[in-house]
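Residue indices begin at 1 and follow the sequence shown. These figures come from a predicted structure and were not determined experimentally. When a ligand or atom number is given, it counts from 1 through the structure's own listing order.
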Amino acid sequence: MMSETKPSPHLPVRLRRNRRNEGIRSLLRETELSVTDFVYPVFVAEGAGREEPIPSMPGISRKSIDLWLEEIPELLNLGLKAIAPFPVVPEEKKDKRASEALNPQGLIPQFTREVKKHFPQMIVMTDIALDPFNTDGHDGLVSDTGEILNDETVELLCRMALCHAEAGADFVCPSDMMDGRIGRIRSSLDDAAYTGTGIIAYSAKYASAFYGPFRDALQSAPKAGDKKTYQIDPASRREALREVESDIGEGADVVMVKPAGAYLDIIRDVSHTFNIPVCAYQVSGEYAMIAAAVGNGWLARGPAILESLLCIKRAGARFIWTYFAKEAALLLKNQEHR
Ligand code: PBG
(Lines give C-alpha, C1' and ligand atoms only; values in the text may rest on other atoms or scores of the structure.)
Protein backbone atom coordinates (compact mmCIF):
# COMPACT_ATOMS: atom_id res chain seq x y z
CA MET A 1 0.00 0.00 0.00
CA MET A 2 1.12 3.54 -0.73
CA SER A 3 1.67 5.79 2.29
CA GLU A 4 -0.45 8.90 2.49
CA THR A 5 1.54 12.17 2.21
CA LYS A 6 0.02 15.53 2.98
CA PRO A 7 1.27 18.37 0.73
CA SER A 8 3.20 21.07 2.60
CA PRO A 9 1.82 24.64 2.23
CA HIS A 10 5.30 26.11 2.57
CA LEU A 11 6.47 27.36 -0.80
CA PRO A 12 7.47 31.04 -0.60
CA VAL A 13 7.57 31.63 -4.32
CA ARG A 14 4.21 30.88 -5.89
CA LEU A 15 4.02 32.69 -9.20
CA ARG A 16 0.42 31.64 -9.67
CA ARG A 17 -0.59 34.12 -6.92
CA ASN A 18 -0.11 36.92 -9.46
CA ARG A 19 -2.36 35.19 -11.95
CA ARG A 20 -5.28 34.29 -9.73
CA ASN A 21 -7.93 36.50 -11.29
CA GLU A 22 -8.42 38.85 -14.21
CA GLY A 23 -8.28 41.98 -12.01
CA ILE A 24 -4.83 41.08 -10.72
CA ARG A 25 -3.66 39.95 -14.12
CA SER A 26 -4.72 43.22 -15.68
CA LEU A 27 -2.90 45.25 -12.98
CA LEU A 28 0.32 43.36 -13.57
CA ARG A 29 0.11 43.07 -17.36
CA GLU A 30 3.32 44.29 -18.99
CA THR A 31 2.06 45.03 -22.48
CA GLU A 32 -1.30 46.24 -23.70
CA LEU A 33 -2.58 46.57 -27.24
CA SER A 34 -4.35 49.74 -28.22
CA VAL A 35 -6.01 50.88 -31.40
CA THR A 36 -3.23 53.46 -31.83
CA ASP A 37 -0.83 50.56 -32.39
CA PHE A 38 -2.15 49.78 -35.85
CA VAL A 39 -1.50 50.91 -39.39
CA TYR A 40 -4.02 49.61 -41.95
CA PRO A 41 -2.47 48.56 -45.29
CA VAL A 42 -5.06 48.70 -48.09
CA PHE A 43 -5.09 47.68 -51.75
CA VAL A 44 -6.28 50.43 -54.08
CA ALA A 45 -7.69 49.62 -57.53
CA GLU A 46 -8.74 51.77 -60.49
CA GLY A 47 -12.36 52.46 -61.37
CA ALA A 48 -15.37 53.18 -59.20
CA GLY A 49 -17.59 50.99 -57.07
CA ARG A 50 -15.08 48.21 -57.54
CA GLU A 51 -14.36 45.54 -54.93
CA GLU A 52 -12.45 42.33 -55.66
CA PRO A 53 -11.71 39.79 -52.94
CA ILE A 54 -8.16 38.39 -52.81
CA PRO A 55 -8.34 34.57 -52.68
CA SER A 56 -5.11 34.10 -50.70
CA MET A 57 -6.20 36.75 -48.16
CA PRO A 58 -9.76 35.78 -47.20
CA GLY A 59 -11.60 38.85 -45.88
CA ILE A 60 -9.37 41.36 -47.71
CA SER A 61 -10.30 43.05 -51.01
CA ARG A 62 -8.87 45.40 -53.57
CA LYS A 63 -11.16 48.42 -53.66
CA SER A 64 -11.48 51.55 -55.74
CA ILE A 65 -10.80 54.96 -54.16
CA ASP A 66 -14.49 55.87 -53.78
CA LEU A 67 -15.15 52.74 -51.70
CA TRP A 68 -12.18 53.45 -49.45
CA LEU A 69 -13.38 57.03 -48.95
CA GLU A 70 -16.78 55.66 -47.86
CA GLU A 71 -15.07 53.38 -45.36
CA ILE A 72 -12.70 55.87 -43.76
CA PRO A 73 -15.23 57.44 -41.34
CA GLU A 74 -15.76 53.96 -39.91
CA LEU A 75 -12.00 53.45 -39.53
CA LEU A 76 -11.64 56.83 -37.79
CA ASN A 77 -14.57 56.03 -35.51
CA LEU A 78 -12.84 52.86 -34.44
CA GLY A 79 -9.84 55.01 -33.50
CA LEU A 80 -7.52 53.95 -36.30
CA LYS A 81 -5.02 56.70 -37.09
CA ALA A 82 -3.08 55.56 -40.13
CA ILE A 83 -3.65 54.00 -43.52
CA ALA A 84 -1.08 52.68 -46.00
CA PRO A 85 -2.26 52.40 -49.62
CA PHE A 86 -0.74 49.95 -52.14
CA PRO A 87 -1.68 50.31 -55.83
CA VAL A 88 -3.11 47.61 -58.09
CA VAL A 89 -1.65 48.81 -61.39
CA PRO A 90 -3.22 47.35 -64.56
CA GLU A 91 -0.73 45.38 -66.65
CA GLU A 92 -1.05 47.78 -69.62
CA LYS A 93 0.21 50.68 -67.46
CA LYS A 94 3.39 48.84 -66.45
CA ASP A 95 6.64 49.30 -68.33
CA LYS A 96 10.35 48.60 -67.97
CA ARG A 97 11.02 51.99 -66.34
CA ALA A 98 8.01 51.99 -63.99
CA SER A 99 6.83 55.32 -65.48
CA GLU A 100 3.45 55.07 -63.78
CA ALA A 101 5.21 55.38 -60.39
CA LEU A 102 5.85 59.05 -61.25
CA ASN A 103 2.37 59.90 -62.50
CA PRO A 104 0.86 62.62 -60.27
CA GLN A 105 -2.57 61.35 -61.39
CA GLY A 106 -1.66 57.76 -60.47
CA LEU A 107 -3.60 55.72 -57.91
CA ILE A 108 -1.53 56.58 -54.86
CA PRO A 109 -1.24 60.37 -55.34
CA GLN A 110 -4.95 60.44 -56.15
CA PHE A 111 -5.87 58.33 -53.09
CA THR A 112 -3.63 60.48 -50.89
CA ARG A 113 -5.06 63.80 -52.12
CA GLU A 114 -8.64 62.59 -51.65
CA VAL A 115 -8.07 61.17 -48.18
CA LYS A 116 -6.19 64.25 -46.95
CA LYS A 117 -8.83 66.55 -48.44
CA HIS A 118 -11.78 64.86 -46.73
CA PHE A 119 -10.06 63.42 -43.63
CA PRO A 120 -6.95 65.50 -42.89
CA GLN A 121 -6.52 63.76 -39.52
CA MET A 122 -5.97 60.36 -41.17
CA ILE A 123 -2.22 59.72 -41.45
CA VAL A 124 -1.28 58.48 -44.92
CA MET A 125 1.85 56.35 -45.33
CA THR A 126 2.82 55.63 -48.94
CA ASP A 127 5.03 52.84 -50.24
CA ILE A 128 8.12 53.80 -52.22
CA ALA A 129 9.32 50.98 -54.50
CA LEU A 130 8.93 50.13 -58.17
CA ASP A 131 7.52 46.58 -58.08
CA PRO A 132 3.81 47.42 -58.59
CA PHE A 133 4.74 49.57 -61.62
CA ASN A 134 7.39 47.79 -63.67
CA THR A 135 6.93 44.81 -65.97
CA ASP A 136 9.76 43.02 -64.14
CA GLY A 137 8.04 42.92 -60.77
CA HIS A 138 11.23 44.01 -59.01
CA ASP A 139 11.57 46.84 -56.50
CA GLY A 140 14.27 48.37 -58.69
CA LEU A 141 15.01 48.85 -62.39
CA VAL A 142 16.29 45.72 -64.09
CA SER A 143 19.18 45.88 -66.58
CA ASP A 144 19.37 43.90 -69.83
CA THR A 145 21.49 41.35 -68.03
CA GLY A 146 18.95 40.95 -65.22
CA GLU A 147 20.81 43.02 -62.63
CA ILE A 148 18.85 45.25 -60.22
CA LEU A 149 20.27 48.74 -60.76
CA ASN A 150 20.82 50.54 -57.47
CA ASP A 151 21.68 54.18 -58.15
CA GLU A 152 19.39 54.57 -61.18
CA THR A 153 16.53 53.19 -59.08
CA VAL A 154 17.25 55.59 -56.23
CA GLU A 155 16.87 58.56 -58.61
CA LEU A 156 13.38 57.35 -59.55
CA LEU A 157 12.47 56.68 -55.92
CA CYS A 158 13.34 60.29 -55.05
CA ARG A 159 10.97 61.57 -57.73
CA MET A 160 8.29 59.12 -56.62
CA ALA A 161 8.63 60.29 -53.01
CA LEU A 162 8.31 63.93 -54.13
CA CYS A 163 5.16 63.07 -56.06
CA HIS A 164 3.64 61.52 -52.89
CA ALA A 165 4.78 64.43 -50.71
CA GLU A 166 3.12 66.88 -53.12
CA ALA A 167 -0.09 64.83 -52.85
CA GLY A 168 0.04 65.24 -49.07
CA ALA A 169 1.52 61.98 -47.75
CA ASP A 170 2.47 62.26 -44.06
CA PHE A 171 5.18 59.62 -44.42
CA VAL A 172 6.86 58.12 -47.45
CA CYS A 173 7.98 54.56 -46.80
CA PRO A 174 10.79 53.19 -48.96
CA SER A 175 10.39 49.40 -49.07
CA ASP A 176 12.84 48.80 -51.91
CA MET A 177 16.05 48.03 -49.97
CA MET A 178 18.33 49.89 -52.43
CA ASP A 179 21.47 51.28 -50.81
CA GLY A 180 21.52 54.97 -49.94
CA ARG A 181 17.88 55.68 -50.72
CA ILE A 182 16.91 57.14 -47.36
CA GLY A 183 19.55 59.90 -47.49
CA ARG A 184 18.82 60.72 -51.12
CA ILE A 185 15.06 60.83 -50.54
CA ARG A 186 15.54 63.01 -47.45
CA SER A 187 17.61 65.55 -49.37
CA SER A 188 15.20 65.56 -52.33
CA LEU A 189 12.31 66.25 -49.97
CA ASP A 190 14.29 68.98 -48.20
CA ASP A 191 15.38 70.57 -51.50
CA ALA A 192 11.70 70.90 -52.39
CA ALA A 193 10.92 72.28 -48.90
CA TYR A 194 9.02 69.15 -47.79
CA THR A 195 10.94 69.21 -44.53
CA GLY A 196 7.86 68.05 -42.64
CA THR A 197 7.27 64.89 -44.67
CA GLY A 198 8.52 61.93 -42.64
CA ILE A 199 10.34 58.79 -43.74
CA ILE A 200 9.47 55.36 -42.41
CA ALA A 201 12.33 53.18 -43.62
CA TYR A 202 11.75 49.53 -44.32
CA SER A 203 15.23 48.99 -42.92
CA ALA A 204 15.23 45.34 -41.85
CA LYS A 205 13.26 43.91 -44.73
CA TYR A 206 13.93 40.25 -45.29
CA ALA A 207 13.76 38.18 -48.50
CA SER A 208 10.71 36.32 -47.21
CA ALA A 209 8.35 33.68 -48.57
CA PHE A 210 5.61 35.32 -46.51
CA TYR A 211 5.03 38.10 -49.08
CA GLY A 212 3.31 35.67 -51.49
CA PRO A 213 -0.33 36.76 -50.99
CA PHE A 214 0.63 40.47 -51.29
CA ARG A 215 2.17 39.76 -54.68
CA ASP A 216 -1.07 37.95 -55.67
CA ALA A 217 -3.05 41.00 -54.56
CA LEU A 218 -0.98 43.41 -56.68
CA GLN A 219 -0.02 40.92 -59.41
CA SER A 220 3.50 42.14 -58.73
CA ALA A 221 5.56 38.94 -58.34
CA PRO A 222 9.00 39.12 -59.98
CA LYS A 223 8.91 37.80 -63.56
CA ALA A 224 12.43 36.41 -63.19
CA GLY A 225 14.73 35.69 -60.28
CA ASP A 226 14.07 36.61 -56.67
CA LYS A 227 14.71 39.56 -54.37
CA LYS A 228 17.73 38.13 -52.57
CA THR A 229 20.23 40.63 -54.02
CA TYR A 230 18.51 43.45 -52.15
CA GLN A 231 16.36 42.06 -49.31
CA ILE A 232 18.13 40.59 -46.25
CA ASP A 233 18.88 36.88 -45.87
CA PRO A 234 16.48 35.43 -43.23
CA ALA A 235 19.49 33.70 -41.67
CA SER A 236 21.10 36.99 -40.62
CA ARG A 237 20.56 39.16 -37.57
CA ARG A 238 23.54 41.49 -37.28
CA GLU A 239 23.10 42.61 -40.86
CA ALA A 240 19.64 43.94 -39.96
CA LEU A 241 21.21 46.10 -37.25
CA ARG A 242 23.66 47.47 -39.79
CA GLU A 243 20.82 48.36 -42.16
CA VAL A 244 18.97 50.14 -39.35
CA GLU A 245 22.08 52.00 -38.26
CA SER A 246 22.73 53.31 -41.75
CA ASP A 247 19.09 54.34 -42.30
CA ILE A 248 19.10 56.26 -39.01
CA GLY A 249 22.27 58.04 -40.11
CA GLU A 250 20.62 58.92 -43.41
CA GLY A 251 17.62 60.54 -41.70
CA ALA A 252 14.92 57.89 -41.18
CA ASP A 253 12.24 59.00 -38.69
CA VAL A 254 10.99 55.48 -37.97
CA VAL A 255 12.49 52.11 -38.91
CA MET A 256 10.69 48.91 -39.76
CA VAL A 257 11.24 45.21 -39.27
CA LYS A 258 9.45 43.00 -41.79
CA PRO A 259 7.99 40.35 -41.57
CA ALA A 260 7.05 40.50 -37.89
CA GLY A 261 5.94 37.20 -36.32
CA ALA A 262 8.93 35.11 -37.34
CA TYR A 263 11.32 38.01 -36.73
CA LEU A 264 10.55 38.94 -33.12
CA ASP A 265 14.24 38.62 -32.19
CA ILE A 266 15.08 41.28 -34.77
CA ILE A 267 12.36 43.62 -33.47
CA ARG A 268 13.75 43.19 -29.99
CA ASP A 269 17.37 43.74 -30.99
CA VAL A 270 16.54 46.85 -33.00
CA SER A 271 14.35 48.38 -30.30
CA HIS A 272 16.97 47.74 -27.61
CA THR A 273 19.90 48.95 -29.66
CA PHE A 274 18.59 52.22 -31.10
CA ASN A 275 16.64 55.20 -29.77
CA ILE A 276 14.30 55.43 -32.72
CA PRO A 277 10.68 54.32 -33.00
CA VAL A 278 10.44 50.82 -34.45
CA CYS A 279 7.46 49.48 -36.32
CA ALA A 280 6.86 45.97 -37.62
CA TYR A 281 4.88 44.70 -40.59
CA GLN A 282 2.69 41.65 -40.02
CA VAL A 283 2.77 40.69 -43.69
CA SER A 284 0.28 39.09 -46.04
CA GLY A 285 1.53 35.54 -45.42
CA GLU A 286 1.13 35.98 -41.67
CA TYR A 287 -2.43 37.15 -42.28
CA ALA A 288 -3.04 34.21 -44.63
CA MET A 289 -1.77 31.63 -42.13
CA ILE A 290 -4.11 32.79 -39.39
CA ALA A 291 -7.05 33.26 -41.78
CA ALA A 292 -6.54 29.77 -43.24
CA ALA A 293 -6.30 28.04 -39.87
CA VAL A 294 -9.38 29.91 -38.66
CA GLY A 295 -11.20 29.04 -41.90
CA ASN A 296 -10.53 25.37 -41.22
CA GLY A 297 -11.81 25.66 -37.67
CA TRP A 298 -8.32 25.02 -36.26
CA LEU A 299 -7.78 28.30 -34.41
CA ALA A 300 -10.07 30.72 -32.58
CA ARG A 301 -10.07 33.87 -34.73
CA GLY A 302 -10.19 36.77 -32.24
CA PRO A 303 -7.73 35.36 -29.68
CA ALA A 304 -5.27 34.28 -32.41
CA ILE A 305 -5.34 37.74 -34.02
CA LEU A 306 -4.87 39.63 -30.77
CA GLU A 307 -2.13 37.31 -29.50
CA SER A 308 -0.18 37.58 -32.75
CA LEU A 309 -0.27 41.40 -32.45
CA LEU A 310 0.36 41.58 -28.72
CA CYS A 311 3.52 39.50 -29.06
CA ILE A 312 4.86 41.77 -31.81
CA LYS A 313 4.33 44.73 -29.49
CA ARG A 314 5.90 42.89 -26.54
CA ALA A 315 8.99 42.27 -28.68
CA GLY A 316 9.44 46.05 -28.99
CA ALA A 317 7.38 47.36 -31.91
CA ARG A 318 5.77 50.72 -31.15
CA PHE A 319 3.23 50.16 -33.92
CA ILE A 320 2.25 47.40 -36.28
CA TRP A 321 1.23 47.33 -39.91
CA THR A 322 -1.48 44.68 -40.09
CA TYR A 323 -4.29 43.63 -42.40
CA PHE A 324 -6.17 42.80 -39.19
CA ALA A 325 -6.13 46.50 -38.14
CA LYS A 326 -9.85 47.08 -38.52
CA GLU A 327 -10.84 43.75 -37.02
CA ALA A 328 -8.39 44.09 -34.14
CA ALA A 329 -9.73 47.58 -33.42
CA LEU A 330 -13.23 46.11 -33.24
CA LEU A 331 -12.07 43.26 -31.01
CA LEU A 332 -10.42 45.74 -28.60
CA LYS A 333 -13.54 47.89 -28.56
CA ASN A 334 -15.71 44.89 -27.68
CA GLN A 335 -13.27 43.89 -24.92
CA GLU A 336 -13.75 47.34 -23.36
CA HIS A 337 -17.46 46.81 -23.09
CA ARG A 338 -17.20 43.46 -21.35
C1 PBG B 1 6.97 46.06 -52.21
C2 PBG B 1 6.38 45.55 -50.95
C3 PBG B 1 6.17 44.22 -50.60
C4 PBG B 1 5.48 44.23 -49.41
C5 PBG B 1 5.32 45.56 -49.03
N6 PBG B 1 5.91 46.38 -49.99
C7 PBG B 1 6.43 42.97 -51.34
C8 PBG B 1 7.80 42.58 -51.68
O9 PBG B 1 8.78 43.15 -51.21
O10 PBG B 1 7.91 41.66 -52.49
C11 PBG B 1 4.98 42.98 -48.74
C12 PBG B 1 3.82 43.17 -47.84
C13 PBG B 1 3.09 41.93 -47.49
O14 PBG B 1 3.47 40.78 -47.84
O15 PBG B 1 2.07 42.09 -46.83
N16 PBG B 1 8.20 46.60 -52.16
Only one of Ser220, Pro87, Ser99 forms a side chain to side chain contact (heavy atoms under 4.5 Å, CB included) with Phe133, so which one is it?
-> Pro87
Result for salt bridge (charged side-chain N to carboxylate O under 4.0 Å, His left out) between Lys63 and one of Glu46, Glu70, Glu71 points to Glu71
Salt-bridged, Glu166 to Arg113, with N to O below 4.0 Å?
-> no
N/O donor-acceptor pair under 3.5 Å between Arg268 side chain and Ala315 backbone = no
With sequence neighbours left out, which residue pairs that include part of residues 73-84 fulfil the side-chain hydrogen bond (donor to acceptor under 3.5 Å, both in side chains) condition?
-> Glu74-Lys326
Show the protein residues that qualify under the rule heavy atom under 4.0 Å from an atom of ligand 1, listing them in chain and number order.
-> Phe86, Asp127, Ala129, Asp131, Asp139, Ser175, Lys205, Phe210, Tyr211, Phe214, Arg215, Lys227, Gln231, Lys258, Tyr281, Val283, Ser284, Tyr323
Would a hydrophobic clustering, with Ile, Leu, Val, Met, Phe, Trp and Tyr connected at side-chain separations under 4.5 Å, put Ile232 with Leu264?
-> yes
